[in-house]
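Quick notes on the structure that follows.
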Amino acid sequence: MKRFKLLTNVVLIIAILSVGCTSTKEVGIVLDGIDVPDAVLTAAKNRVQIVFDMDLEEYPDYGYINWRIESLDYSYTYEDLDGMQIVIYQMNYEFLSESPENIILAGGMYITEDNWVMPNYPNSTFLIFKQEDDSLISLGTVMINDSIPGEETFTEDIRRIIN
């Protein structure tokens with residue numbers, strides 16, 4: 001009887017692990033040619049995953065199944081913004097949809113021929129980092145589509161995030 005219980009428990013554990021492994025789907029693509037520091041890439045991936053998860057919940061009919069970082073580039077450095085050196089990266093990401101016919105386009109959204117969706121305004125996501133010695137410390141992300149880094153309006157938006 002003890003042997004049967006042990007065998008049953010082992011089979012049960014294997015079954016649970018198998019289900020867990022098969023149901024976990026790797027999500028996220030970074031397109032070739034993106035060359036940024038690791039801290040920037042990590043922050044970008046984390047941000048896109050957060051937005052992807054929120055959109056999966058908020059728009060289940062859109063059929064999103066994956067995301068990709070389409071571009072990620074250095075944009076600007078504030079040498080002294082309130083006593084800090086602030087480095088800005090600009091990003092564009094897209095979500096892959098199995099049901100593009102269900103998507104209602106608004107604002108700057110677009111859908112490519114192969115069903116990749118920009119769910120926001122293109123190239124309007126900015127990652128904000130504080131430069132400390134040789135390290136970049138992520139301070140947050142902002143979507144700004146009405147100004148560019150260095151302009152007063154953009155700078156004021158950044159100040160709200162870092163202070």
Side-chain angles (χ1 to χ4, degrees), residues 24-163:
T24 304
K25 184 177 178 185
E26 188 164 331
V27 175
I29 299 167
V30 177
L31 293 187
D32 290 338
I34 292 178
D35 185 22
V36 295
D38 289 342
V40 174
L41 186 56
T42 297
K45 288 178 177 179
N46 290 341
R47 181 61 190 164
V48 176
Q49 185 66 54
I50 288 168
V51 176
F52 182 76
D53 290 343
M54 288 183 340
D55 280 11
L56 281 177
E57 189 173 318
E58 191 168 342
Y59 306 106
D61 294 341
Y62 286 10
Y64 291 144
I65 58 171
N66 205 347
W67 57 260
R68 71 180 178 190
I69 296 175
E70 192 265 334
S71 66
L72 180 58
D73 299 298
Y74 165 80
S75 181
Y76 191 82
T77 298
Y78 291 92
E79 293 299 332
D80 184 3
L81 184 62
D82 300 341
M84 296 178 278
Q85 185 178 20
I86 302 296
V87 181
I88 309 293
Y89 282 81
Q90 186 175 22
M91 173 173 65
N92 197 60
Y93 59 90
E94 299 169 330
F95 298 161
L96 182 60
S97 173
E98 288 184 318
S99 306
E101 67 279 359
N102 293 340
I103 295 174
I104 299 169
L105 293 176
M109 292 176 67
Y110 63 76
I111 303 174
T112 66
E113 290 178 4
D114 52 351
N115 300 331
W116 286 96
V117 178
M118 180 352 110
N120 217 321
Y121 287 88
N123 298 305
S124 296
T125 301
F126 295 90
L127 290 83
I128 305 153
F129 297 88
K130 178 180 178 183
Q131 180 78 50
E132 276 192 8
D133 300 319
D134 291 335
S135 298
L136 288 172
I137 299 164
S138 179
L139 298 178
T141 306
V142 65
M143 197 285 297
I144 300 175
N145 68 345
D146 61 354
S147 60
I148 60 172
E151 291 182 347
E152 190 171 329
T153 303
F154 189 98
T155 304
E156 289 309 310
D157 287 341
I158 297 302
R159 271 198 173 98
R160 282 191 273 286
I161 291 169
I162 66 173
N163 291 326

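Put simply, CG on Leu31 and OG on Ser71 are 8.5 Å apart, with the number rounded to the nearest 0.5 Å. For the atom pair CD1 of Ile111 and CH2 of Trp116, the computed distance is 13.0 Å after rounding to the nearest 0.5 Å. Here CG of Asn115 is found 9.0 Å from CD1 of Ile65. Values are rounded to the nearest 0.5 Å. Here the CD1-CG distance, from Ile34 to Asp73, works out to 7.5 Å after rounding to the nearest 0.5 Å. The CD1 atom of Ile29 lies 12.0 Å from the CD atom of Glu70; values are rounded to the nearest 0.5 Å. Here the straight-line distance linking atom CD1 of Ile128 with atom CZ of Arg159 works out to 12.5 Å at 0.5 Å rounding.
Ring centers of Phe154 and Tyr76: at least 6.0 Å apart, outside the cut-off. Two rings, from Phe95 and Phe52, have their centers less than 6.0 Å apart.
One N or O on the side chain of Tyr78 and one on the backbone of Gly150 form a donor-acceptor pair closer than 3.5 Å. At least one donor-acceptor pair closer than 3.5 Å links the side chain of Ser97 to the backbone N or O of Ser99. No donor-acceptor distance shorter than 3.5 angstrom exists from the side chain of Glu101 to the backbone of Ile103, with no hydrogens or angles considered. Under a 3.5 Å cut-off, the side chain of Asn102 and the backbone N or O of Asp61 do form a donor-acceptor pair. Looking only at distances, a side-chain donor or acceptor of Tyr74 sits under 3.5 Å from a matching main-chain atom of Thr77. For the pair Thr155 (side chain) and Thr153 (backbone), a donor-acceptor distance under 3.5 Å is absent. Looking only at distances, a side-chain donor or acceptor of Gln90 sits under 3.5 Å from a matching main-chain atom of Asn123.
If you check the side chains of Tyr110 and Glu94, you find a donor sitting under 3.5 Å from an acceptor.
A 4.5 Å side-chain heavy-atom check between Thr125 and Asn92 finds every atom pair outside the cut-off. Looking only at side-chain heavy atoms (C-beta outward), Leu136 and Gln131 come within less than 4.5 Å of each other. Inter-residue side-chain proximity for Met118 and Met109 is flagged as unmet; no heavy-atom pair is nearer than 4.5 Å. Within the 4.5 Å cutoff, side-chain heavy atoms of Leu139 are placed close to those of Ile86. Using a 4.5 Å heavy-atom cutoff, the side chains of Lys45 and Trp67 are in contact. For the pair Asn120 and Asn145, the minimum side-chain heavy-atom distance is 4.5 Å or more. Under the 4.5 Å side-chain criterion, counting only non-hydrogen atoms from C-beta, Ile158 is not in contact with Phe126. Side-chain contact between Pro119 and Tyr59: absent, with no pair of heavy atoms (C-beta onward) separated by less than 4.5 Å.
When all heavy atoms of Thr112 and Asp114 are compared, the closest pair comes out as OG1-OD1, 2.5 Å. Among all heavy-atom pairs drawn from Tyr89 and Val40, the shortest one is CE1-CG2, 3.5 Å.
Counting heavy atoms of neighbouring residues, nucleotides and ligands inside a 6.0 Å radius, atom CD of Glu152 does not exceed 12 of them. Surrounding CG of Asp38 are at most 12 heavy atoms belonging to other residues, nucleotides or ligands under 6.0 Å away.
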Would you sort out whether Val48 and Met91 count as a side-chain contact (heavy atoms from CB on, under 4.5 Å), showing the intermediate values?
-> CA-CA 10 Å; Val48 176; Met91 173 173 65; 3.8 Å; yes
